[in-house]
Amino acid sequence: MSMATQLPQIPEVQRISPLIIRILGGNAGQFTLQGTNTYLVGRGPSRLLLDTGEGKSSWSHCLSSILISESTTISQAIITHWHPDHVGGVKDLLSFCPNATIYKHDPASGQKPIYDCQIFETEGAKLRAFHCPGHTADHMAFVLEEENAMFTGDNVLGHGTAVFEDLAVYLDSLSRMREQFHGRAYPGHGAVIEDGRTRIEEYIAHRKQREEEILQALRDIGKEATSMELVKAVYKDVPSNLHVPAANGVVQVLRKLEGEGKVAQCQHESWQIADKATL
């Protein structure tokens, strides 16, 4: 994910709606923003947990304290995707909620699978699973029916842009996510997004703009160019320490454009406009 230049402070623990308490993972950093968001969802003596952070002691301490103060426990934990900063706290969770069932799209031993459109219910809340690969192949979002809101995982962030494994697949997922809800988005990192659909539309527009910028940079260079040369032409405002992840994103754009017949890969990991490659 992309680090925004200035991030608003987010409380370590905050009730962000009548049905949701957000607990930060205690792992703030360049790519995790203020930290991984985990969400306690529902009312009453048994609730859902969305994601588990990466295993920081501050997170498990906060979560166990909240469970005591709310007089509740966790019956089900549902995981958006396999990245370590979302699954690393499973062991700690089970240490104080040993009866919790862990759900994940590609489950590990002792866990249960998540299917597209699967329903998870607890008192006051119903979540509908939505498979939306892009950031990872196993990525799941969850629609909170009571709020017409979506937990967007790492496909859509509270600040900046997200990284992805396959741009064409990711854009398809964004388009489908946009049609699933009309309210807030609760991201895997960053602040609550009040208008989730608009943010998704901005993401789609941003990706299209980047495609055009990369195509134009190739035209301007007028010859073969590597992904890093394109980064320096297109991402002039990005610090040099982020050039490598930016180059990975450029390669994803180039692969999508290659599939559309607009660019061609040459030798030495360089690229050029497709019509020139055929001359």
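Predicted model, so just to flag it, every value in this text is computed and none were measured. Just so it is clear, the values below take in all heavy atoms, side chains as well, and ignore hydrogens, waters and symmetry mates.
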Notebook entry, point to check: Taking the six-membered ring for Trp, are the ring centroids of Phe142 and Phe151 within less than 6.0 Å of each other?
Noted result: no

Next item on the list: Provide the closest heavy-atom pair for Trp82 versus Thr136 in the form atom of the first, atom of the second, distance.
Entry: NE1-CG2, 3.6 Å

Margin query: Just to verify, what does Glu146 make a side-chain contact (heavy atoms from CB on, under 4.5 Å) with, not counting sequence neighbours?
Written below: Leu19, Ala125, Lys126, Leu144

Margin query: Just to verify, what does Cys62 make a side-chain contact (heavy atoms from CB on, under 4.5 Å) with, not counting sequence neighbours?
Written below: Glu12, Val13, Ile23

Next item on the list: Would you kindly check if the NZ (Lys) or CZ (Arg) of Arg210 is within the cone defined by 45 degrees around the ring axis of Tyr235 and under 6.0 Å from the six-membered ring centre?
Entry: yes

Notebook entry, point to check: Do the two ring centres, one from His86 and one from His189, sit under 6.0 Å apart?
Noted result: yes

Item checked: For Asn241, all residues meeting side-chain contact (heavy atoms from CB on, under 4.5 Å), sequence neighbours excluded -> Gln30, Pro239

Notebook entry, point to check: In chain order, what residues pass the side-chain contact (heavy atoms from CB on, under 4.5 Å) check against Pro45, with sequence neighbours excluded?
Noted result: Glu123

Margin query: Determine whether the aromatic ring centres of residues His131 and His105 are separated by less than 6.0 angstrom.
Written below: yes

Checklist line | Contact list for residues 242-264, test salt bridge (Lys or Arg N to Asp or Glu O under 4.0 Å), sequence neighbours left out | finding: Glu211-Lys256, Lys256-Glu260, Glu260-Lys262

Check: Is the shortest side-chain N to carboxylate O distance from Glu145 to Arg128 below 4.0 Å?
Finding: yes

Next item on the list: Supply the atom-to-atom distance Arg178 CZ to Met150 CE, rounded to the nearest 0.5 angstrom.
Entry: 12.0 Å

Notebook entry, point to check: Are Asp195 and Arg199 close enough for a salt bridge, meaning some N to O gap below 4.0 Å?
Noted result: no

Item checked: Test item: side-chain donor near acceptor, Gln209 and Glu213, under 3.5 Å -> yes

Notebook entry, point to check: Ile78 and side-chain contact (heavy atoms from CB on, under 4.5 Å): which partner among Leu49, Val41, Ile102, Leu50?
Noted result: Leu50

Notebook entry, point to check: salt bridge (Lys or Arg N to Asp or Glu O under 4.0 Å): which pairs involve residues 49-71, sequence neighbours left out?
Noted result: Arg15-Glu70, Arg47-Glu70, Glu54-Lys56

